[in-house]
Engineer: 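Below is a structure I'd like to ask you about.
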Amino acid sequence: MGDIIAALDVGTTKICAMIAEVEGEEHLTVLGVGQVPSRGVKRGTVVNVQEVTSAIGEAVAQAERTANIRVANAFVSFSGHHVESVPNRGMVTLSPRGTRSVTLEDVTRVLENASAIHLPPNREVIQTLPRMFKVDDQEGIREPLGMEGFRLEVDALVITASTVAVQNLVKCVRANGIEIDGLVLQGIASGMAVLTPEEQELGVAVLDVGGGTTDVAIFLEGSPWHVFATQVAGYHLTQDVAIGLRMPLAMAEALKVRYGHAQPKWVSPDENVGVEGFGDDSRRTISRHFLAQILEARAEEILDLVWRGIKASGYDGLLPAGVVLTGGSAQLAGFRDLARERLKVPVRIGHVPDLRGLPEEFHSPMYATVVGLLKWGAKQPGALSYGQIRSDAPQEEDWWGKMGDWFRRLLP
Ligand SMILES: Nc1ncnc2c1ncn2[C@@H]1O[C@H](COP(=O)(O)OP(=O)(O)OP(=O)(O)O)[C@@H](O)[C@H]1O
Ligand SMILES: [Mg+2]
């Protein structure tokens with residue numbers, strides 16, 4: 001029997017748990033799944049600890065029952081508009097005399113060194129991911145383990161978030177007796193599930209358009225390169241329909257999923273749908289074309305917001321593989337084509353790959369995050385995860401900094 005790992009995706013619409021067995025890096029067998037409608041999460045952030053704690057407990061209990069395994073640790077998804085990523089470099093000395101080979105401990109140390117950035121007390125580091133390593137003068141190294149050298153350097157991506165948001169989520173998970181193996185950004189997790197190695201290498205942006213957040217992760221040269229999240233997603237599409245057509249949210253949601261379209265130009269102006277609105281004699285018909293107009297306006301806003309964020313990062317010209325859409329809202333009819341027209345890059349929908357034991361309905365792009373968490377856990381890329389990151393991580397003696405001081409002292 002291989003190792004057992006668990007994933008927990010705490011979304012705005014649903015909370016999903018999965019348990020899998022890992023053999024090697026690639027062979028995952030899903031043993032149990034659990035899913036409950038989300039409670040106490042708003043725009044990707046915990047707003048009610050009790051509600052989220054009990055919803056997590058239910059989702060995990062379902063997965064545990066099918067797998068017949070008790071979950072003690074899990075990889076947990078994280079999101080929120082307060083998430084930021086900054087590139088930073090780290091450096092450690094391998095050996096002051098002679099060379100020696102790089103160990104896993106050195107990789108952890110150098111990532112710890114890269115994580116030591118100055119942050120206000122209300123923010124903390126949740127992940128530090130290597131983009132590229134350098135051993136002495138040799139640059140562009142992906143796998144430094146076993147290489148000989150004097151010095152190991154890393155060009156890393158440091159992901160930070162609001163401390164309150166992190167602590168609240170951690171509390172909800174731990175209250176269920178579950179330790180956190182790592183907090184993984186939703187966009188990165190989704191990318192792990194749906195991207196091909198070639199896309200990750202060439203340059204691609206994952207847009208996970210969920211219920212309360214749209215998570216963006218840019219992958220380049222095989223690694224996550226930049227991440228951010230916006231607070232506009234599926235819930236806003238539903239809310240616009242409810243307001244525009246004066247109906248309860250639950251009905252607007254059902255109407256959106258069943259008859260919605262993001263491109264009114266493909267919907268006949270003569271097509272009508274019977275709906276119930278507010279009030280007593282509220283049975284009426286609405287134009288499907290009008291419904292599509294409402295959805296198009298908000299879908300365009302989501303895409304424009306995301307593109308503005310990508311442009312601001314400066315990576316908009318480095319995405320030959322274009323955009324891959326995941327999350328429940330990626331399933332809105334016409335959304336992919338709208339994205340293609342609006343962003344003028346190749347766009348595809350990222351369906352979850354076939355994993356042994358994964359029930360058919362979990363292949364929807366809605367489950368990219370939870371499956372991606374499992375893949376992340378199986379691969380355990382040499383990254384620093386939440387729990388490993390110590391805010392008091394010792395600053396490695398910076399040789400270059402010291403030399404700089406020495407030179408400065410010589411100056412008049
Ligand atoms: N066929 C469909 N057409 C349009 N929208 C859909 C469809 N199916 C699901 N959705 C929307 O997808 C959203 C849920 O997506 P998802 O499960 O990815 O969100 P989440 O992970 O719970 O939330 P988040 O990641 O934003 O915190 C809901 O807003 C729902 O209306
Ligand atoms: Mg989600």
Side-chain angles (χ1 to χ4, degrees), residues 7-18 33 35-47 52 55-56 59 76-83 165 169 172 183-194 206-217 227-242 249-263 288 291-292 294-296 298-299 302 305-306 324-339 349-352 361-373:
L8 186 58
D9 176 23
V10 184
T12 310
T13 330
K14 58 160 198 320
I15 294 184
C16 192
M18 269 188 200
V33 295
Q35 182 183 211
V36 294
S38 187
R39 311 189 286 272
V41 181
K42 215 170 177 183
R43 293 176 183 149
T45 303
V46 173
V47 292
V52 178
I56 289 176
V76 181
S77 73
F78 191 82
S79 177
H81 70 283
H82 47 83
V83 166
L169 177 64
C172 299
L183 289 178
V184 185
L185 257 282
Q186 284 198 17
I188 294 178
S190 298
M192 296 301 290
V194 302
V206 179
L207 269 56
D208 188 284
V209 194
T213 61
T214 296
D215 287 85
V216 183
V227 294
F228 64 94
T230 75
Q231 298 197 69
V232 193
Y235 175 75
H236 301 84
L237 290 163
T238 302
Q239 201 180 30
D240 289 351
V241 173
L249 278 171
M251 188 175 295
E253 171 72 21
L255 193 67
K256 174 186 83 171
V257 169
R258 181 130 189 230
Y259 298 105
H261 206 291
Q263 293 197 297
R288 202 179 156 213
L291 171 67
I294 296 174
L295 293 170
E296 181 189 41
R298 187 62 89 167
I302 295 173
L305 257 175
V306 164
V324 177
L325 298 171
T326 58
S329 302
Q331 300 175 105
L332 175 67
F335 190 67
R336 185 199 52 194
D337 293 339
L338 182 75
I349 294 180
H351 291 279
V352 171
E361 64 270 28
F362 285 86
H363 289 96
S364 141
M366 235 159 103
Y367 300 102
T369 307
V370 69
V371 171
L373 286 171

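Order of listing sets the numbers, starting from 1, for every ligand and every atom in it. This structure is a prediction, so every number in the text was calculated from the model and none was measured.
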Engineer: Measure the distance from atom 20 (P) of ligand 1 to every protein heavy atom, then report the residue, atom name and distance (to 0.1 Å) of the closest one.
Structural biologist: Thr13 OG1, 3.6 Å
Engineer: Can a donor-acceptor pair be found, under 3.5 Å and without considering hydrogens, that links the side chain of Thr214 to the backbone of Val232?
Structural biologist: yes
Engineer: How far is atom 8 (N) of ligand 1 from the closest protein heavy atom, and which atom is that?
Structural biologist: Gln331 NE2, 3.3 Å
Engineer: Between Ala233 and ligand 1, does any nitrogen or oxygen pair lie at a separation below 3.5 Å?
Structural biologist: no
Engineer: Quick check: do Val241 and Leu255 have side-chain heavy atoms less than 4.5 Å from each other?
Structural biologist: yes
Engineer: If we only count heavy atoms from C-beta on, is the Leu332 to Lys256 side-chain gap below 4.5 Å?
Structural biologist: yes
Engineer: Among all protein heavy atoms, pick out the one at the shortest distance from atom 17 (O) of ligand 1; state its residue, atom name and that distance to 0.1 Å.
Structural biologist: Lys14 NZ, 2.8 Å
Engineer: Distance to 0.1 Å, residue and atom name: give those for the protein heavy atom nearest to atom 27 (O) of ligand 1.
Structural biologist: Thr12 OG1, 2.6 Å
Engineer: Gly211 versus ligand 1: do any nitrogen or oxygen atoms come within less than 3.5 Å of each other?
Structural biologist: yes
Engineer: Do Tyr235 and Thr13 make a side-chain contact, defined as non-hydrogen atoms from C-beta onward lying under 4.5 Å apart?
Structural biologist: no
Engineer: How about Ser190 and Thr369: does a side-chain donor come under 3.5 Å of a side-chain acceptor?
Structural biologist: yes
Engineer: Any nitrogen or oxygen of Lys256, side chain or backbone, less than 3.5 Å from one on ligand 1?
Structural biologist: yes
Engineer: How far does CE of Met18 sit from CG of Leu8, to the nearest 0.5 angstrom?
Structural biologist: 11.5 Å
Engineer: Please give me the minimum heavy-atom distance between Ser38 and Gly11, naming the atom from each residue.
Structural biologist: OG-O, 2.7 Å
Engineer: Can you tell me which portion of Ser329 lies within the under-4.0 Å heavy-atom range of ligand 1? Options are side chain, backbone, both, or neither.
Structural biologist: both
Engineer: Run down the list Ile15, Leu332, Val370 and name the one with the heavy atom closest to atom 3 (N) of ligand 1.
Structural biologist: Leu332
Engineer: Is any side-chain heavy atom of Cys172 less than 4.5 Å from a side-chain heavy atom of Val46?
Structural biologist: yes
Engineer: Within the structure, does Asp215 bring an N/O atom to less than 3.5 angstrom of an N/O atom in ligand 1?
Structural biologist: no
Engineer: Are Leu169 and Leu183 close enough, and set up right, to give a side chain to side chain contact (heavy atoms under 4.5 Å, CB included), and what steps lead you there?
Structural biologist: CA-CA 10 Å; Leu169 177 64; Leu183 289 178; 4.1 Å; yes
Engineer: Using a strict 4.0 Å cut-off to heavy atoms of Gly327, name the atoms of ligand 1 that fall inside it.
Structural biologist: 18 (O)
Engineer: Between Gln186 and ligand 1, find which residue part has any heavy-atom pair under 4.0 Å and reply side chain, backbone, both or neither.
Structural biologist: side chain
Engineer: Look at atom 6 (C) of ligand 1 and say which protein heavy atom is nearest, naming residue and atom and giving the distance to 0.1 Å.
Structural biologist: Gly328 O, 3.4 Å
Engineer: Would Gly212 count as a contact residue for ligand 1, given that I'm defining contact as a non-hydrogen atom of the residue lying under 4.0 Å from a ligand atom?
Structural biologist: yes
Engineer: Below 4.0 angstrom from a heavy atom of Glu253, which ligand 1 atoms are there? Numbered from 1 as shown, please.
Structural biologist: 30 (C), 31 (O)
Engineer: Closest heavy-atom contact between Arg336 and Leu325?
Structural biologist: CA-CD1, 3.8 Å
